[in-house]
Amino acid sequence: MISTQDWADTRRLWEYHQMGHSLRPCSVAIGLGSHDLGVADTAVDLYKRGMAPLLVFTGATSPTTRDRMPRGEAVHYQERALELGVPSSAVLVEPRARNTGENIRFSRDLLEEADVDVSSVLLISKPYEERRAYATACKLWPEVEFVSASTPMTLDEYVDSIGDARLVIDMLVGALQRLMIYPAQGFMVSQPVPGDVIEAYERLCQSGFTSRLLTTGTPSA
């Protein structure tokens, strides 16, 4: 059972994880690999709206994507973008990254090799990964301005799209843990975490939503 309090706490984490940035045109858009093809769809939509002239899709495979995306997350994202009408000349693929830090570093290297001048990046992720992706990118690529984006959707819509409410809550809890512990380990810049968000996180941990928590300092996707 997921209690009324659990859902209230989950909604608070969901709201916190999203940056609320106003979209604007950027030098490039980077779509972070995951199980969610919605990231590719959102990247295509923003490309067609003139928000970025070039798309970079980054990601290898993980235990959660290997069956659904056997050719790799970035490759499947690229295929989706081409199906939706983006020209191949407007898409770059980075197929090696296995965590958020590698997404950023390898994408930066790829763009440098392609001689693309980058002053701003539209950073596209799953809705609950906006803040984590932003904090990681600001640490690893500080000279660039980042604008966070994701598919506009409510928590209920996201749960319906995944089909597993407990898994979604576990992922929200795990993402917040990383935001709190990774800055001290040098993996991302620090983000202020309001007291009510910490309280919601602690209650959800006590309720058993812990499958995505880390027990070591090793970066994890």
Answer yes or no: is there a donor N or O on one side and an acceptor on the other, between the side chain of [X] and the main chain of [Y], under 3.5 Å?
X	Y	result
K48	L84	yes
S27	S120	yes
S148	Y134	no
R96	G59	no
S3	D6	yes
E129	K126	no

With sequence neighbours excluded, residues passing side chain to side chain contact (heavy atoms under 4.5 Å, CB included) with T136:
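Side chain to side chain contact (heavy atoms under 4.5 Å, CB included) list for T136, sorted by chain: T100, I104, R132, L140, M188.
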
Is there a path of hydrophobic side-chain contacts, each under 4.5 Å between heavy atoms of I, L, V, M, F, W or Y residues, that connects [X] with [Y]?
X	Y	result
L55	F146	no
V56	L23	no
I2	L204	yes
M51	V86	yes
W7	I198	yes

Is NZ or CZ of R178 both nearer than 6.0 Å to the six-membered ring centre of F187 and within 45° of the ring axis?
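Output no; distance or angle outside limits.
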
Heavy-atom pair with the smallest gap, counting every atom of [X] and [Y]:
X	Y	value
D170	G208	OD1-O, 4.4 Å
C205	L213	SG-CD1, 4.0 Å
L172	H17	O-NE2, 3.0 Å
G33	E73	C-OE1, 3.3 Å
Y16	R131	O-NE, 2.7 Å
L122	A149	CD1-CB, 4.3 Å

Test log, rule side-chain contact (heavy atoms from CB on, under 4.5 Å), inputs V173 and R212:
CA-CA 7 Å; V173 169; R212 296 285 294 174; over 6 Å; no

Out of I30, L46, D41, L32, which one pairs with I124 under the side-chain contact (heavy atoms from CB on, under 4.5 Å) rule?
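Of the listed residues I30, L46, D41, L32, the side-chain contact (heavy atoms from CB on, under 4.5 Å) partner of I124 is L46.
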
Under the ring pair (Phe, Tyr, Trp, His ring centres under 6.0 Å) rule, what pairs show up with a residue in residues 46-98, not counting sequence neighbours?
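Listed by first then second residue: F57-Y77.
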
Given the rule in the side-chain contact (heavy atoms from CB on, under 4.5 Å) test, do L13 and Y128 qualify, once you have shown the distances and angles that lead to the verdict?
CA-CA 8 Å; L13 265 61; Y128 72 89; over 6 Å; no

How many angstroms lie between [atom1] in [X] and [atom2] in [Y], if you round to the nearest 0.5 Å?
X	Y	atom1	atom2	answer
E202	L176	CD	CG	10.0 Å
W141	R105	CH2	CZ	13.0 Å
R71	T61	CZ	OG1	12.5 Å
S207	I169	OG	CD1	9.0 Å

Donor-acceptor side-chain pairing of S107 and E94 below 3.5 angstrom:
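Note: S107 and E94 side chains miss the donor-acceptor criterion.
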
So [Y] and [X], do their side chains get closer than 4.5 Å, heavy atoms only?
X	Y	value
V168	L155	yes
S88	L82	yes
Q191	M19	yes

Residues in ring pair (Phe, Tyr, Trp, His ring centres under 6.0 Å) contact with F106, at least two apart in sequence or another chain
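Listed in chain order: nothing, the list is empty.
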
Does D164 have more than 12 heavy atoms from other residues, nucleotides or ligands lying within 6.0 Å of its CG?
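More than 12 within 6.0 Å, yes.
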
Run T151 and Y158 through side-chain contact (heavy atoms from CB on, under 4.5 Å) and show every step you take.
CA-CA 10 Å; T151 304; Y158 189 74; over 6 Å; no

Intermediate values then yes/no, side-chain contact (heavy atoms from CB on, under 4.5 Å), R12 and Y201
CA-CA 9 Å; R12 185 65 189 97; Y201 163 82; over 6 Å; no

